[in-house]
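Read the numbers this way: they start at 1 and go in the same order the structure lists the ligands and their atoms.
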Amino acid sequence: MSRSFTIRVPATSANIGPGFDVVGLSLSLYLTLSVTITAPSSPSAHTPPSIRYTGEGADEVPLDAYKNLTTRVALYVLRCHGISSFPSALSIHAHNEIPFGRGLGSSGAAVVAGVLLGSALGGLRLPRARVLDFALMVERHPDNVTAALVGGFVGSYLRELDAAATEAASVPLSEVLPEYPPDAGEHWGRDPPQPPLGIGHFVCFGWSQSIKAVAIIPRFELSTARAREVLPTSYSRKDVVFNLQRLAVLTTALAQSPPDPELIYEAMKDRIHQPYRKELIPGLPEVTSRMTPSSHPGLLGICLSGAGPTILALATSGFESIAEDARAIFREKGVEVDWKLLSVVGGSVVEGDDA
Ligand SMILES: Nc1ncnc2c1ncn2[C@@H]1O[C@H](COP(=O)(O)OP(=O)(O)OP(=O)(O)O)[C@@H](O)[C@H]1O
Ligand SMILES: N[C@@H](CCO)C(=O)O
């Protein structure tokens with residue numbers, strides 16, 4: 001008997017200014033997997049997975065199930081449950097609206113989609129907290145994956161792990177997600193590390209429905225790894241307190257109706273990551289300082305989205321003039337951008353899976 005189902009995971013913006021590695025927001029661009037497992041023509045014939053990929057990243061994403069991030073994560077989940085291979089005659093059509101390497105959570109979405117895929121393929125029915133554990137074994141900061149899974153405006157932290165769990169969680173990704181299948185008759189080698197239970201914890205904040213997100217997306221990629229390399233390993237107390245004060249206010253201010261632009265604009269400022277990332281993103285300091293609620297009615301606040309280079313402007317109106325003026329500032333620095341008006345949406349869904 002054939003089986004088919006769909007997995008849909010939203011884009012995310014992490015940090016929202018002061019909440020570095022802490023808060024995330026799910027946004028209305030999606031990675032969608034349409035999955036079909038056809039009944040094998042003969043029980044002994046094992047057909048390898050076939051992947052078709054359309055949309056953002058289609059020209060660079062690997063279509064080999066042992067190299068593709070989403071399917072490697074799915075196989076990791078299956079192997080942790082004693083299932084050593086993909087089902088036969090598995091076909092996946094991935095359609096992606098989330099641009100790669102722009103700070104809109106493309107890798108977090110691919111990882112969450114992979115965990116949900118593994119759970120569905122194995123009939124595992126993993127509870128949401130366990131899905132998060134698996135996702136956090138692969139993507140080690142919780143802000144994007146938690147928001148992609150749960151949806152809305154979310155704050156999260158990683159539980160402090162005991163020594164054994166710390167060791168399990170610190171296994172290199174190359175071991176968690178090996179790229180190559182074993183040759184026929186061989187084994188994968190040692191069992192993959194099981195995620196410790198309850199790695200990530202989160203809380204959902206309120207969100208004023210009048211607030212939309214303008215994503216101003218430079219036409220170049222910046223990997224999260226590169227954007228983390230430029231960050232210092234320690235901070236002054238003054239800078240930490242600056243961010244904590246703003247984050248505490250921001251988490252409630254974005255739920256108020258009507259939202260208060262003066263409060264939010266100041267509460268979206270950051271001293272922990274954006275100042276260090278300006279060398280990688282020409283125009284970042286100018287865009288975040290020259291555009292204010294006074295110069296742009298409707299604007300509430302402006303920040304780097306995730307690790308960048310996208311800029312996220314939260315606003316209740318005036319979306320086009322905010323985007324076009326940001327475009328003009330970027331153009332002065334030689335950077336071309338595209339922009340999208342996005343809404344805050346719900347989290348990941350799996351539809352049509354009766355297994
Ligand atoms: N749908 C996908 N399928 C397979 N691989 C993907 C997919 N989406 C992202 N990736 C991989 O993740 C990489 C981008 O990850 P990276 O963490 O650098 O950026 P990001 O997730 O887009 O940004 P941020 O984490 O700042 O929001 C891509 O270059 C690609 O290798
Ligand atoms: N909090 C992370 C998000 C990137 O995915 C960072 O800013 O590096």
>> Give me the residue, atom name and distance of the protein heavy atom closest to atom 5 (N) of ligand 1.
In response: Leu69 CB, 3.7 Å

> Which of the atoms of ligand 1 are close to Gly105, meaning less than 4.0 Å from one of its heavy atoms?
Replying inline: 21 (O), 23 (O), 24 (P), 27 (O)

> Which residue and non-hydrogen atom of the protein lie closest to atom 23 (O) of ligand 1, and at what distance in Å?
Replying inline: Gly103 N, 3.3 Å

> Got an N/O contact under 3.5 Å between Glu139 and ligand 1?
Replying inline: no

> What residue pairs, at least two apart or across chains, pass salt bridge (charged side-chain N to carboxylate O under 4.0 Å, His left out) with a residue in residues 151-168?
Replying inline: none

>> Check Asp21 with Arg228, please: is the shortest side-chain N to carboxylate O separation under 4.0 Å?
In response: yes

> So which of Ser107, Gly308, Ala148 gets nearest to atom 15 (O) of ligand 1, if we judge by its closest heavy atom?
Replying inline: Ser107

>> At less than 4.0 angstrom from any non-hydrogen atom of Ser223, what atoms of ligand 1 do you find?
In response: 18 (O)

>> I need the full list of salt bridge (charged side-chain N to carboxylate O under 4.0 Å, His left out) pairs touching residues 283-295, with sequence neighbours left out, sorted by first then second residue.
In response: Glu286-Lys333, Arg290-Glu332

> In terms of side-chain geometry, is the basic nitrogen of Arg331 or Glu336 positioned less than 4.0 Å from the acidic oxygen of its partner?
Replying inline: yes

> What part of Ala307, side chain, backbone, both or neither, has a heavy atom within less than 4.0 angstrom of ligand 1?
Replying inline: both

> Contact between Ala14 and ligand 1, counting heavy atoms under 4.0 Å?
Replying inline: no

> So how far is it from Glu221 CD to Phe100 CZ, rounded to the nearest 0.5 Å?
Replying inline: 7.5 Å

> Around ligand 2, what residues show up once you keep those with a heavy atom under 4.0 Å from it?
Replying inline: Ala14, Asn15, Phe20, Asp21, His141, Asp143, Asn144, Thr224, Arg228, Arg277, Gly306, Ala307

>> At under 4.0 Å between heavy atoms, is it the side chain or the backbone of Asn144 that contacts ligand 1, or both, or neither?
In response: side chain

>> Exactly one of Val23, Leu250, Leu254 should register a side chain to side chain contact (heavy atoms under 4.5 Å, CB included) with Phe205. Which one does?
In response: Val23

> Can you tell which part of Val61 has a heavy atom less than 4.0 Å from ligand 1: side chain, backbone, both or neither?
Replying inline: side chain

> Above 12 or not: heavy atoms from other molecules or residues under 6.0 Å from CD of Glu324?
Replying inline: yes

> Which protein heavy atom lies closest to atom 1 (N) of ligand 1, and at what distance to 0.1 Å?
Replying inline: Tyr53 OH, 3.0 Å

> Under the ring-ring contact (aromatic ring centres under 6.0 Å, His included) test, which residues partner Tyr66, sequence neighbours left out?
Replying inline: Phe86

> For Thr12, is at least one N or O under 3.5 Å away from an N or O on ligand 1?
Replying inline: no

> Between His201 and Tyr157, what is the ring plane arrangement, given parallel below 30°, perpendicular above 60°, and tilted in between?
Replying inline: parallel

>> How far is atom 10 (N) of ligand 1 from the closest protein heavy atom, and which atom is that?
In response: Phe100 CZ, 3.9 Å

>> Is the terminal nitrogen or CZ of Arg72 (NZ for Lys, CZ for Arg) located under 6.0 angstrom from the six-membered ring centre of Tyr76 and within 45° of that ring's axis?
In response: no

> Thinking salt bridges, do Asp338 and Arg219 make one under a 4.0 Å N-O criterion?
Replying inline: yes

>> Measuring from atom OG1 of Thr36 to atom CG of Leu90, what distance do you get when rounded to the nearest 0.5 angstrom?
In response: 8.5 Å

> Met137 and Pro195: which non-hydrogen atoms are nearest, and at how many Å?
Replying inline: CG-CB, 3.4 Å

> What atoms in ligand 1 come closer than 4.0 Å to a heavy atom of Arg102?
Replying inline: 22 (O)

> With a 3.5 Å cut-off and no angle check, do the side chains of His296 and Ser321 form a donor-acceptor pair?
Replying inline: no

>> Give me the residue, atom name and distance of the protein heavy atom closest to atom 16 (P) of ligand 1.
In response: Thr224 OG1, 3.3 Å

> For ligand 1, which atoms have a heavy atom of Ser106 less than 4.0 angstrom away?
Replying inline: 8 (N), 9 (C), 14 (C), 20 (P), 21 (O), 22 (O)

> Just to confirm, does any protein heavy atom lie below 4.0 Å from atom 31 (O) of ligand 1?
Replying inline: no

